[in-house]
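Encoded as structure tokens, the structure appears first; notes follow it.
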Amino acid sequence: MQGDDAIPVIGLHRVVPLEDQQSPERLALVKAEIDLVLGMADAGELAGWADNPRHSPESRQLACAMAESMWTVAAETRALRPPLDLAKLRAVTAGLGSKTWRDPDRYGTLLDRGGVLREQPLADEAL
């Protein structure tokens with residue numbers, strides 16, 4: 001996500017943008033999740049990760065992008081495409097990276113069902 005609605009980025013981990021308003025402990029967890037996702041090679045597993053609001057928004061966006069890429073490469077090379085519901089995959093990650101849809105109380109979006117509670121709710125200016 002780019003533009004005025006994008007959540008500010010405070011750094012990168014393995015070229016994945018890290019969102020602001022997170023404690024050092026939380027960022028360590030986010031980085032570990034990114035490493036786990038980068039080790040996944042199954043599109044279904046990636047889609048399942050992206051669909052789970054208990055995972056960090058950064059790792060969910062990465063999992064979505066990787067699963068979509070696998071589907072696209074298979075389609076372009078006329079290989080068997082992974083059995084993904086691309087519309088659902090895009091829907092469950094919609095709003096991630098957006099200040100408009102950022103949940104002030106949980107790590108995730110207002111569209112998510114559940115998610116990890118923030119240690120401290122976001123102030124209005126962070127939204």
message: Apply side-chain contact (heavy atoms from CB on, under 4.5 Å) to residues His13 and Asp35 and explain how you reach the verdict.
response: CA-CA 9 Å; His13 179 68; Asp35 291 341; 2.9 Å; yes

message: Before you tell me yes or no, could you show the steps for Glu19 and Arg102 under side-chain contact (heavy atoms from CB on, under 4.5 Å), namely the whole-Å CA-CA distance, both residues' side-chain angles and the distance that decides it to 0.1 Å?
response: CA-CA 11 Å; Glu19 296 179 358; Arg102 191 179 205 184; 4.2 Å; yes

message: Just so I know, are the side chains of Val16 and Val37 near enough to count as touching, which here means a heavy-atom distance under 4.5 Å?
response: no

- request: Decide yes or no on side-chain contact (heavy atoms from CB on, under 4.5 Å) for Glu68 and Leu86, but give the supporting numbers first.
  value: CA-CA 7 Å; Glu68 266 192 274; Leu86 291 179; 4.0 Å; yes

query: What's the spacing between Leu62 CG and Leu38 CG if we round to 0.5 Å?
result: 5.0 Å

field: Side-chain (Glu33) to main-chain (Ser59) donor-acceptor, under 3.5 angstrom
entry: no

- prompt: Can you tell me how far CD1 of Ile34 sits from NE2 of His55, rounded to the nearest 0.5 angstrom?
  reply: 13.0 Å

query: Could you state the interatomic distance from CH2 (Trp49) to CZ (Arg54), rounded to the nearest 0.5 Å?
result: 12.0 Å

message: For Leu89 versus Ala47, what's the shortest heavy-atom pair and its separation?
response: CD1-CA, 3.9 Å

- request: Mind running side-chain contact (heavy atoms from CB on, under 4.5 Å) on Thr109 and Asp103 for me, showing each step along the way?
  value: CA-CA 5 Å; Thr109 73; Asp103 191 324; 5.8 Å; no

message: Please check: side-chain N/O of Arg26 versus main-chain N/O of Arg118, any donor-acceptor pairing under 3.5 Å?
response: no

query: Taking all atoms of both residues into account, what is the closest heavy-atom pair of Leu110 and Pro104, and its distance?
result: CD2-CD, 3.9 Å

- prompt: With side chains defined as the heavy atoms from C-beta onward, is the minimum distance between Lys99 and Pro8 less than 4.5 Å?
  reply: yes

message: Check this for me: Leu80, atom CG, are more than 12 non-hydrogen atoms of other residues, nucleotides or ligands nearer than 6.0 Å?
response: no

Gln120 atom CD, over 12 foreign heavy atoms within 6.0 Å: no

query: Glu58 side chain to Val30 main-chain N or O, any donor-acceptor pair under 3.5 Å?
result: no

- request: Report the distance from atom CZ of Arg60 to atom CG of Leu96, rounding to the nearest 0.5 Å.
  value: 4.5 Å

query: Which atom pair, heavy atoms only, marks the closest approach of Tyr107 to Pro57?
result: C-CG, 4.1 Å

- prompt: How far does OG1 of Thr93 sit from NZ of Lys88, to the nearest 0.5 angstrom?
  reply: 11.5 Å

query: Does the Asp51 side chain pair with the main chain of Val92, one donor and one acceptor, at a distance under 3.5 Å?
result: no

message: Would the distance check show the side chain of Asp112 and the main-chain N or O of Gly115 forming a donor-acceptor pair, the cut-off being under 3.5 Å?
response: no

field: Heavy-atom side-chain proximity of Leu18 to Lys31 below 4.5 angstrom
entry: yes

Closest approach of Ala94 to Leu111 (non-hydrogen atoms, all atoms of both residues): O-CD1, 3.7 Å

query: Same hydrophobic cluster for Leu36 and Met70, using side-chain heavy-atom links shorter than 4.5 Å among ILVMFWY?
result: yes

task: Would you name the heavy atoms of Ala74 and Pro82 that are closest together and state the gap between them?
output: CB-CD, 4.0 Å

- line: Heavy atoms of Ala67 and Ala43 approach each other most closely as CB-O, 4.0 Å

